[in-house]
Every structure is written in structure tokens, then in C-alpha cells.
Amino acid sequence: MQTADIRGRWLDFFADRGHTVVPSASLVSDDPTLLFTVAGMVPFVPYLTGLVPAPYPRATSVQKCIRTNDIEEVGKTPRHGTFFQMNGNFSFGDYFKEEAIGFAWELLTTPENQGGYGFRESELWVTIYLDDDEAYRYWRAIGVPDNRIQRLGMESNYWSTGQPGPAGPCSEIFVDRGPAYGADGGPATDDDRYVEIWNLVFMQYLRGESTGKNDFQILGDLPKKNIDTGMGLERVAFLKQGVENMYEIDQVRPVLDRAAALAGRRYGADHDDDVRMRIVADHVRSSLMLMSDGVMPSNEGRGYILRRLLRRSVRAMRLLGVDTVSLPELLPASRDAMSAAYPEVKSDFGRISQAAFAEEETFLRTLASGSTVLDLAVAKTKKANKTELAGPTAFLLHDTYGFPIEITLEIAEEAGLSVNRDAFDVLMTKQRSLAKADAKSKKTTLADLGVYSPFRALGETVFTGYDNLRNESTVLGLIVDGESVTGAVAGQTAEVILAETALWAESGGQEADAGLIVGAGYELKVLDVQKPVRGLISHKVLVLSGEVGVGERATSVVDESWRRGARQAHSGTHVLHAALRQVLGPNAHQSGSYNKAGFFRLDFSWNQALSPATRTEIEEISNNAIRDNLPVTTRELPLAEAKALGAMALFGEKYGDVVRVVDIGGPWSRELCAGTHVSSSAEIGMINLISEASVGSTNRRVESLVGLEAFRDLAAERALVSQLTSSLKTPREQLPERISDLVTSLRAAEKKIAAFEARALTDRVPALLSTARRVGAVTVVAEDLGVLGSPDDLRVLALATRDRLGTDAVVVALSAIAAGKPVVIVATNTGARAAGHKAGSLAKTVAGILGGGGGGKDDVAQGGGPNGDAIPAALQAVVAAISR
Ligand code: SER
């Protein structure tokens, strides 16, 4: 049974039983507590917690998921994939345990020719949570014998995402692969022989923060009892396809075969090689899927996880004996295996492969330079007769050169060395806890969001502000310091929830509107507008005057000039995006944007700087589009229709069934976008690109001013130029040449001055020579020079004087107030040092007297201190020390 068939049977089965089929959400989770979609239930969390009313009582999906916490297991067990697909059925306060168990059993045991999966009842086992007698009863009633039901503890039979949120006891279903795969005794004893395929979670509690490894508090009941189930599509596929593991199924095996062919090794011939080929097959597929959802390699967050996957696969290829690039072969193999289920991996392949190939090349270069560092460290360790490479070296290689520790271990081992793993681990733990603390401080907790749920239950906030900049509505709620209140008075800041609003909430890259909310006897200044939970708009306000209360009428008023600027900026972003793609091609894809009145910034996938000519071309195409006064139209369409029209969708953006399409000049620019726009392109006024820079190795960022701001910036530049033309008395066109001439003559003048200064300094040497006197067998010069430019000048003079006093013992001690501070430089020659007079210790004597510090080498040293009056005494002390 092909993977696509297993998927189709699933969706048909649950659709027939009243479930709404929901398409897979992005791998990039929009849940602020999770980096990735780690389970089928993630997109439904707001419905499970009751924060947002579920739009349907039951749903089913086949969800793309990424989990990397078991990355070390990949390739070693039959069932650990970093990317996998989870078939799920969900009930939001509708059916519960009995029906969930009934559905699962029916689908699994219905014969294949009747639409089911055709597992034999005798090969199925189930586990339940320790005291879940209810689940036990349902399983027995359906025909599962007592000896194939096992009770297990919290660690395996209580499920949550690992973060605060919905949780509940669960019941898992396993397939026995037979005695050839391990010992008898059921899932409790062996998880290779008994493969878990389906987890039924009876989602009924809200969990809090972790209190231990597998421990967390239960904060209370969820508003409703829900069902969340997850069946591992890859696991069922490998069991149904009669292969040994998930890496050999139809969607993965082609990559494995490609890796084997590139390495010239046979899959199945050597255990270690097999593991490596499976790692490659898994990681290449995961990378492809992550990149198709807009993740790009980087050093933090999601991008780092992608980078790690790509690098681990490069490393595995290297261990298979392939030192050259391999992704150009492997990635297309994965694309071809996945594109039937996910057409976007094909249509977006240009963009994806460009970034993936660049990453592989960078890493191969990194490997080369890191290897040099590692070779040096190995040589040094051996020279010191040590057998262990230091932990910090391994950490440096990891942190700076992106060497997975395994590579360091392997190369060290080849050289006969071990690695101080403990020291490495300590450094890693330290770095991780820093990262964690950082992540924590940025997190919004579910408890914080609970305050919004009663308001969200009243329905979505309606945004009425596309055309009307005023709206009269009702205050549904007020929140002060996280608590729902009934009123707020002048001077307080509060959050206001309205039934309808004309004010735009920050989203889709567009900054929140500025404006006011006014009503009978009060006036509120809007500080920010956000959507804290899906569908709900909250206005953060300062009460300027009066008192506002829940239930009162309220008029939201958008600041007109702000909104005009915001429209110009948002439409400007679309225009520039279209111009970029016209010049650079379809691989330049927007990866992020931000716009507010007068300004916008656009990030796009591209891995080299734009030349000035390219920049100008893009700017000109944009301004031509503005001049052409292209009509801007918006319409609402079903998502599939909009995509068929070629509308560009953005990554990480959640689109509903019906989307808004914004056209500028018809298809010239066609994007899915909810933002506010001008009605024809000429209203944008002007686009003025002010910067272009890199963000990470795979993205560029352009920033631009629009409308009046663009003009003002150019006007300021013109004022600057006219200042320059008048002060330099040079026409505008000749300014660059004139300035470069000035710089050249300035450099020449500086050189001359430096030469004069040096000569002036050495001119003082003869006078100093004449003060030389004998102290015992030593020729001594000890003079104060008054005020001097810098200690360096003093040092030059001391050395020049010393060198002209011959080869018998010479000590020169010169003092000055240099750069405003009392300084003494002591210089000795070989003869003096042989007689035991060392500059360093003489400088210390001096410093002691000046009340500061000093020291240096034997031949020349410096001392100083705040006590300038003691300079004569300090010089005398030098002489005294020599005479002793
Ligand atoms: N959320 C549960 C899991 O991931 C069931 O879907 O196992």
C-alpha cells in the first residue's frame, strides 16, 4: 500500500464519519511556545484549550511534522524520522474515548479491499494509562483480550507537546512484527518488535510548566473533553509495504538509493553504512520540507535546526566516502518522491535548491578551514605529549566552525587522540542554558492569554477599516495589568476590546495604526493594536481624559495621515517585490517584511549582494510602475483559485479557506495579502531605496522610504550637496574628484608633518648626550623633558640616546608629562644589563615614587603615576639604584 493510498484511506474514513478535512498547516508553527509543528494537534491548540471556539466539532488532517529531539536515533531504529506525517482525527468537545477507540479499531482491522488497513486483530496490542479503567473497558468491549492490554505510567501514556497547554492520558496501539524482531512480552518490553502506530489522547487537562523530566503540574480541566489522535503515516507505510523501516518506504527510499549509488556502496552490506544512508535519506527529506515552508539555514532557532540537518547529512555522506557536493543529486531525488503529495517542493525547487546547494558548499569550505584548526590543535596536543584534545578546542570547532562533535571525535581518533568530552559538554550546557533563558524571556504563556478567551468566545473582532477610517462600536472588554476590569480612568493604560474596529492590528508585516478611540466623556490614545489570539483584536490605549466602561459606545478613529503613509508603504512593498522578481527571477522570494507610514523593509531569499546597477534597475522599475498609475484592486477568493491565478503566498502565514488577493496592474503584482493599500500605484508617490544588506547567508534585506518621506530624504541629500558645493566652491559634478584630491593632499601633508615631528624629536638627542655622566662604570642620562606629545615620543628619544652612547654600560631614564600624564621611560643596553641593571625593575622603582604602576622588558620599560611633582625624585632614584 503506497503512502498516498494510506493517506487517502484515512481522510475518506474520517470524512465519512462527519469530520471536516483540514489541510496540513506549515511546519513553522504559529504557536509562540513551539518552534515547529511537532504533532497533528498543534494547529488546533486554540480549539483544544477553548481559547478560540472550534469552527467544527470534529476534524481530520494529515499534518507535516518535525521533531528533532530524537535526532541521534535516526537511522538506528526503524521508526525515528525527523520529518514525518501524522494522520489525526480530532474532536472538540464532541465524541470522546469510546468513539475514538471504536474508530481506530474499525479503520485498522477493516480488510484492505473494504477501504481499511487490513491489520489482523491478533497482531495488535494496546497500552493505557495506569488507572484508566474506562479505556480498558472500551478496549475489552471491542474484543481486545486482557493479555494484550498493558498499563503504563506517565512517561509513555500521558501526552502533551512538552509545553504548557492541553494534555491528557493516552492509549497507544502497537503492531507486533513477530518473534524475529525481539522478545515476547508486548510493548512494555520491546519497542522494536512492537511498533507504536497510533496514539489516542484523551485531551481533557491543561498542563503547566515542567517540574521534572517527565513531570508537570496539572493546572485544571479544559473547558471540554477533546480527542486528539495521531497515527504515524511512515510507520504504517513501512509495515504495509513489507519493508524493514521508515527509510525504505516509497517516499524516502529513492534518496537512500541515490546516496548508495553516489558512494558506490550497497545498502544492506554493512550496518554502519546502512545507518549513514538512512540518516542522509531522512535529513535530506526533512531539509527539503523545511525549506519549502520558508525556513532558511542560519545560526539560530529554526534555521539552526535546518543547518544541523543539512550538515549532518553532508557528514554522513563524507563517512560514506563522498567528499564532494552531493545535494545536487540527493535533493532532486527527494523532490521527486515528495512532489505528488506536496506539489510546492517542485514549483519552489529553484529557490530551495539554490539555498541548499549554497549551504552545502559553505559547509564543505568550513570543513576544510576547521580541519586546519583541528590539525594544528592535534599537532600541539601531541607535541605537549598529551593524549587528549582540550574541551574548549572541540567547543570552538563546534561553535565557530560548525563542526558537529562527532566529526571532531572521528578526526581526533584517526590521529590517536581522545577528546575531553566532559569539558566540551560543560561548555555546551552553558551555551544551551543561555539560549533557553533567552527563549523563555520571550515567551508568552498560555495563562497570560486566558484573559482573552471570554471575549474571543463572543466571535471575531470585525475590521471595518479598509475604506472607512471611523467606526462606531461597543466596548466588549477592558484589561488592566492582565486582569479583566469594568472601567479605566484618565492616566491609566489599558487594553480595549471592541466588537468592530477601524484600526489595523499589526500583522502581515504591517505596523499597527495610530489613532484614537473616543466616546461620551472619554478619549483614548491608541498606543498599539495587536491580535493576541487568532481572530481577536486588542487595542492598547492610554486614557487621555474621562472614564471608559465596558458596554459603552466607542468610536475608533484612524489617524488619516498615518494611514495614508502606511498604505503607500504596504503597496510600495508589493511593487518592489514584483520589481525584484522581474530583475532577479522567481528565486528571489519574499521571506519577511515590515512596513509603517513612510518606510518599508523587505527580506528576500538571495545569497549575494546586489550591484549598484541592479539596485538602480530595481528602483527604476518600481518608480516606473508608480508613474504608470496602475490600478490596485482587491478581491476575496477561495485559496485554491487564488493560487491558480498565480497569487504569491508568504511563508509562515496562515491562510483561511477564503483569501484576499491584491493586484497592482492586474497580474503585474499579485499577492495574497490582508493589508491596507492605495487605490492606484501613483499614490505611492516615490520609492527611494536607502539600503541593501545581508541577513544571514541566504537572505538580503532592502529598506526603502516612500511618498513624502522618500522626497524628504532626497531633499536632505540635495541640501547637503549644495552645502558642499558652496564650501568647496566646486560645481556638483566635480565634487567627487575635488574631495578625492583633497584627501590625497591631506595625506601628503600628514606625512610631511610626521617627518618634521620625527626630525624635531631626534634634534633633541645631542643635547641629551651632553648631559651623560658616569655613575660607577655606567654612563647615565637622567633628564626631564617637560611636556611632550606622547609616551611613544619619549620612548623614541630614550632609545636614540641610548644607541648613540656606545657599547659600554648605558642607562637612559627620560621623564615628561606625555599626553597629560607623568611618564618615565628607562632604556638599558647590553652592557648595562650584563652589569645587572634592568629597565623593568628600574621602571618599577620609578613608578613606586610616582605613585602608579610600571614595568616592561629588561631593555626598555615604562613607569608612571599621578604624582608629577615627584619626577625629579624618581630620576634621582634611578641614579641611586645604579650607584648601588
Ligand atoms: N498528539 C499526540 C501525539 O503526537 C496524538 O496525536 O502523539
Side-chain angles (χ1 to χ4, degrees), residues 6-7 10-11 13-14 19-22 24-25 27 29 31 33-49 54 58-70 73 77 79-92 94-97 99-101 103-105 107-108 125-129 132 135 152-175 187 191 194-207 214 216 218 222 224-236 246 446:
I6 300 170
R7 177 180 194 274
W10 177 277
L11 294 175
F13 179 88
F14 284 103
H19 293 67
T20 302
V21 176
V22 179
S24 175
L27 284 169
S29 146
D31 180 329
T33 67
L34 294 169
L35 228 40
F36 291 119
T37 301
V38 295
M41 49 77 80
V42 168
F44 302 112
V45 168
Y47 310 150
L48 294 167
T49 56
R58 32 181 96 178
T60 183
S61 66
V62 175
Q63 174 64 48
K64 301 182 269 186
C65 300
I66 285 274
R67 284 187 198 171
T68 55
N69 39 349
D70 285 332
E73 298 298 319
T77 79
R79 61 184 192 285
H80 279 102
T82 51
F83 170 85
F84 59 94
Q85 297 152 92
M86 193 178 272
N87 295 4
N89 59 292
F90 306 89
S91 148
F92 310 109
D94 185 11
Y95 62 83
F96 200 49
K97 283 187 201 183
E99 294 87 336
I101 287 172
F103 287 150
W105 194 253
L107 177 56
L108 289 176
W125 287 64
V126 298
T127 61
I128 55 175
Y129 183 59
D132 194 352
L152 293 175
M154 195 136 181
E155 190 185 328
S156 45
N157 280 58
Y158 211 100
W159 203 86
S160 74
T161 63
Q163 295 293 333
C170 61
S171 179
E172 300 187 324
I173 306 168
F174 295 75
V175 174
D191 50 10
Y194 301 92
V195 178
E196 183 223 323
I197 53 166
W198 197 342
N199 185 10
L200 315 181
V201 186
F202 311 125
M203 214 53 126
Q204 60 194 110
Y205 302 113
L206 188 63
R207 62 154 281 189
N214 290 305
F216 41 79
I218 296 296
L222 293 174
K224 290 175 180 166
K225 289 183 176 174
N226 307 303
I227 288 295
D228 152 34
T229 91
M231 189 188 80
L233 180 53
E234 283 75 6
R235 292 183 183 187
V236 171
M246 65 161 285
L446 267 167

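Atoms considered below: every heavy atom in the structure, side chains included; atoms not considered: hydrogens, waters and symmetry mates. Whatever order the structure lists ligands and atoms in, that order sets their numbers, starting from 1.
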Distance filter under 4.0 Å to [X] heavy atoms, resulting ligand 1 atoms:
| X | answer |
| --- | --- |
| Val201 | 2 (C), 5 (C) |
| Gly230 | 5 (C), 6 (O) |
| Thr229 | 5 (C), 6 (O) |

Pairwise side-chain contact, Ile6 with Met231, heavy-atom cut-off 4.5 Å (strictly under) | yes
Gln163 side chain near Leu34 side chain, heavy-atom distance below 4.5 Å |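 When only atoms from C-beta onward are counted, Leu34 and Gln163 do touch, with a gap below 4.5 Å.
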Sub-6.0 Å ring centroid separation between [X] and [Y]:
| X | Y | result |
| --- | --- | --- |
| Tyr129 | Phe202 | no |
| Phe44 | Phe92 | yes |
| Trp198 | Trp10 | yes |

For the residue pair Tyr158 and Tyr205, does the interplanar ring angle fall in the parallel (under 30°), tilted (30 to 60°) or perpendicular (over 60°) class?
->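 Parallel: the ring planes of Tyr158 and Tyr205 meet at under 30°.
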Identify the closest protein heavy atom to atom 1 (N) of ligand 1: which residue and atom is it, and at what distance?
->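 Looking at atom 1 (N) of ligand 1, the protein heavy atom closest to it is Asp228 OD2, 2.7 Å.
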Return the residue, atom name and 0.1 Å-rounded distance of the protein heavy atom closest to atom 7 (O) of ligand 1.
->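 Answer, as residue, atom name and distance: Asn199 ND2, 3.0 Å.
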Distance-only, no hydrogens or angles: does the Asp70 side chain make a donor-acceptor pair with backbone N or O of Glu73 under 3.5 Å?
->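 No; judged by distance alone, with no hydrogens or angles, the pair does not exist.
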Met41, any N or O under 3.5 Å of ligand 1 N or O |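 N/O-N/O distance below 3.5 Å does not exist for this pair.
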Any heavy atom of Arg67 sitting closer than 4.0 Å to ligand 1?
-> yes
Going by heavy atoms, is Met86 under 4.0 Å from ligand 1?
->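 Yes.
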With a 4.0 Å heavy-atom cut-off (strictly under), which part of Glu172 contacts ligand 1: side chain, backbone, both or neither?
->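 For Glu172, there is no contact with ligand 1 at all, from either part.
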For ligand 1, which part of Thr161 has a heavy atom less than 4.0 Å away: the side chain, the backbone, both, or neither?
->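 Answer for Thr161: neither.
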